[in-house]
Amino acid sequence: MKGLCILGATGSIGVSTLDVAARHNHLYKVVALTANNNIDLLFEQCLIHHPEIVVVVDETKAQLFSNKLQQTSISDIKVLSGTKSLEVVATLDNVDSVMAAIVGAAGLLPSLAAAKAGKTILLANKEALVMSGSIFMQAVAESGAQLLPIDSEHNAIFQCMPAGYQSGMQAKQARRILLTASGGPFREMPLEKLVDVTPAQAVAHPNWDMGRKISVDSATMMNKGLEMIEACILFAMTPDQIQVVIHPQSVIHSMVDYVDGTVLAQMGNPDMRIPIAYSMAWPDRFDSGVEPLNIFDVRRMDFQEADLERFPCLRLAYQAINSGGIMPTVLNAANEIAVEAFLNEQVRFTDIPVIIERSMEKFVVKPASTLEIILEADHQARIAAKEIIVELAH
Ligand code: NAD
Ligand code: MG
């Protein structure tokens, strides 16, 4: 029996993880769940999965939650609050696997704590890896933690890697990664119409049902930019070895091109329970609850190059990783602020790349050699992005 901690249990990935865990409750025991503030959903989850301990980051909500538990059959669940508590539950002795599914930079410290504690990390939180790159991978290597990618593309690539492959290794026989992208909801929208895109339109993804932030990232294709950087870090490849391929049907979840001309692809229905189940069963496989792929329904698969004029965020991501050092951290932080401002209707859809690019221009590249440097760059980039948002409003 393995102990499971889900960081971000109330999100889209968290919910799918609990669905998979419930199918295999003889293999996985849910030990800890965390939520930022959605205590209604967390309560439902506690009734079903009965964890030992939960974290509600928001202190007032945590108190409300604790009171709510008192009159119930699950009053023995321990309730913690505050961001430090996320690190506490991610490193508990009886936790073997940590699903890192908090969105954004907020997930970095607990994910890193799990890495340092040598846990098996199921990594959905790509922003944490993008902002901390080599430091994260070093923590994994030093503690002997196991790092399994949950992002569907990276999970696909991992599955297409040679036998015995571990995250961070260089697979010399693999010469290229073909990173697939659906192209999001605006793949074919006339360019001049992008300026009027609303948050509701941007979060309505054609193929995947996801949280709001990653849905906007998919619409700008910053998601693919972050994933390109994520792939460089996880698979020890250079940016020019990662080819982004628009594949609107989302049947192939990515491919690995080998030196002998072989291309291996992983396919399946677009449902995150597949990569989640793969990582939870690894190195075995078990049922994910996902319907078998009906290849006759697929009928055709299309592939196109990504248009960098339509998707400037993708260009900025290549620029950030090629510059190196703190630039991916700056890119990520500025993007988080820009997306939040867009969702709050403070800026337009087409302002997102402008905010990121102008933020990046305010920084000189320096090595991201310590956690302190990374956290400072993240902090400063947020300030820079907020200033640019104010300028844009005038
Ligand atoms: P979501 O918005 O649905 O859920 C986010 C979760 O993080 C929630 O449980 C929320 O309570 C928690 N959270 C948010 N802010 C927090 C904070 N400041 N402190 C602590 N907890 C906080 O997001 P999601 O779609 O589940 O995505 C989660 C992560 O997985 C993201 O990094 C995303 O890029 C990645 N991912 C998601 C998908 C998908 O299909 N949803 C696919 C690939 C990768
Ligand atoms: Mg993905």
Side-chain angles (χ1 to χ4, degrees), residues 5-19 32-42 45 54-59 61-62 65 80-87 89-90 99-111 121-131 148-158 177 179-184 203 205 207-218 221-231 234 244 247 250 252-254 266 268-276 279 290 332 335-336 339-340 343 378 382:
C5 164
I6 306 178
L7 302 170
T10 53
S12 158
I13 294 288
V15 167
S16 293
T17 305
L18 284 171
D19 181 283
L33 298 177
T34 85
N36 199 28
N37 53 29
N38 186 350
I39 54 174
D40 294 335
L41 180 55
L42 184 66
Q45 295 178 335
V54 300
V55 179
V56 180
V57 174
D58 183 287
E59 219 168 292
K61 290 277 176 70
F65 189 75
L80 304 179
S81 72
T83 49
K84 273 276 165 207
S85 302
L86 297 170
E87 294 173 50
V89 296
M99 168 56 78
I102 290 175
V103 59
L108 173 61
L109 294 179
S111 306
I121 302 151
L122 314 179
L123 187 77
N125 182 202
K126 69 194 85 184
E127 297 92 345
L129 192 66
V130 166
M131 67 187 285
L148 297 166
I150 294 296
D151 218 338
S152 57
E153 296 77 3
H154 305 75
N155 191 271
I157 295 160
F158 189 89
I177 283 172
L179 184 70
T180 55
S182 71
V203 300
H205 194 277
N207 305 352
W208 297 91
D209 183 12
M210 310 180 287
R212 283 162 66 80
K213 192 260 176 183
I214 183 176
S215 297
V216 176
D217 284 348
S218 298
M221 276 193 82
M222 180 54 91
N223 185 48
K224 214 47 57 181
L226 297 173
E227 290 186 356
M228 178 274 295
I229 298 174
E230 182 184 13
L234 281 175
V244 173
H247 164 46
S250 297
I252 293 181
H253 298 132
S254 280
Q266 186 264 1
N269 282 316
D271 188 318
M272 288 307 292
R273 290 177 299 173
I274 295 177
I276 292 168
S279 303
V290 178
N332 177 65
N335 180 57
E336 285 190 32
V339 170
E340 190 180 79
L343 286 171
D378 176 79
R382 283 166 201 270

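In each ligand, atom 1 is the first atom listed, and ligand 1 is the first ligand listed. The chain is numbered in sequence order, starting from 1. Hydrogens, waters and symmetry mates are skipped; everything else that's a heavy atom, side chains included, is used.
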query: Given S279, which of I121, I150, L123 fulfils the side-chain contact (heavy atoms from CB on, under 4.5 Å) condition?
result: I150
message: Checking one value in my table: which N/O/S atom of D151 lies closest to the Mg ion (ligand 2)?
response: OD1
message: With rounding to the nearest 0.5 angstrom, report the CG to CE distance, D19 to M272.
response: 13.0 Å
query: Which one of I214, D209, D217 has a non-hydrogen atom at the shortest distance from atom 33 (C) of ligand 1?
result: I214
- prompt: What do we get for N125 next to ligand 1 when only non-hydrogen atoms under 4.0 Å count, side chain, backbone, both or neither?
  reply: both
query: Which N, O or S atom name in E227 marks its closest approach to the Mg ion (ligand 2)?
result: OE2
message: Keeping N223 on the side-chain end and I214 on the backbone end, is there a donor-acceptor pair under 3.5 Å?
response: no
message: Less than 4.5 Å apart, side chain to side chain, heavy atoms only: is that true for L86 and V57?
response: yes
task: Check the side chains of N36 and D58 for a donor-acceptor pair under 3.5 angstrom, ignoring hydrogens and angles.
output: no
query: Any idea which atoms of ligand 1 are less than 4.0 Å away from a heavy-atom of A124?
result: 30 (O), 32 (O), 35 (C), 36 (N), 44 (C)
message: Less than 3.5 Å apart, any donor N or O on the side chain of S254 or H154 sitting next to an acceptor on the other?
response: no
- line: ligand 1 to V57, heavy atom cutoff 4.0 Å, flagged ligand atoms 20 (C)
task: For atom 4 (O) of ligand 1, find the nearest protein heavy atom and state the residue, atom name and distance (0.1 Å precision).
output: G11 CA, 3.1 Å
query: Got an N/O contact under 3.5 Å between T10 and ligand 1?
result: yes
task: Tell me which N, O or S atom of E153 sits nearest to the Mg ion (ligand 2).
output: OE1
statement: Checking heavy-atom distances from atom 22 (C) of ligand 1 to each of N36, V103, I276, the winner is N36
- request: Check whether any heavy atom of A101 sits under 4.0 Å from an atom of ligand 1.
  value: yes
message: Among all protein heavy atoms in this structure, tell me which lies nearest to atom 18 (N) of ligand 1, with the distance rounded to 0.1 Å.
response: A106 CB, 3.4 Å
Pair N38-T10, side-chain donor/acceptor within less than 3.5 Å: no
Q266/H253 under side chain to side chain donor-acceptor pair (under 3.5 Å): CA gap, chis, key distance, verdict: CA-CA 6 Å; Q266 186 264 1; H253 298 132; 3.1 Å; yes
task: Please examine the side chains of V339 and R212, heavy atoms only from C-beta on, and report whether any two atoms are closer than 4.5 Å.
output: no
message: Less than 3.5 Å apart, any donor N or O on the side chain of N125 or E127 sitting next to an acceptor on the other?
response: yes
message: Within ligand 1, which atoms have a heavy atom of G8 less than 4.0 Å away?
response: 6 (C), 7 (O), 9 (O)
Nearest neighbour in protein (non-hydrogen) for atom 43 (C) of ligand 1: D151 OD1, 3.2 Å
message: Does this structure show an ion pair linking E340 with K213, if we count only N-O contacts that are shorter than 4.0 Å?
response: no
message: I'd like to check V54 versus F65 (side-chain heavy atoms, cut-off strictly below 4.5 Å). Are they in contact?
response: yes
field: Mode of E127 contact toward ligand 1 - side chain, backbone, both, neither (heavy atoms, under 4.0 Å)
entry: side chain
- prompt: How many angstroms lie between atom OG of S81 and atom CG of N37, to the nearest 0.5 angstrom?
  reply: 13.0 Å
message: Checking a contact table here: which protein heavy atom is nearest atom 23 (O) of ligand 1, and how many Å away?
response: G211 CA, 4.0 Å
message: To check your reading of the model: name the closest protein heavy atom to atom 34 (O) of ligand 1, its residue, and the distance in Å.
response: K126 CE, 3.2 Å
- prompt: Starting from atom 3 (O) of ligand 1, which protein heavy atom do you reach first, and at what distance in Å?
  reply: S12 N, 2.9 Å
field: Closest approach of any protein heavy atom to atom 38 (C) of ligand 1, naming residue and atom
entry: I13 CD1, 3.4 Å
message: If we set the cut-off at 4.0 Å for heavy atoms, which region of M272 has an atom near ligand 1: side chain, backbone, both, or neither?
response: side chain
message: Please list the nearest protein heavy atom to atom 29 (C) of ligand 1 with its residue and the distance rounded to 0.1 Å.
response: I102 O, 3.9 Å
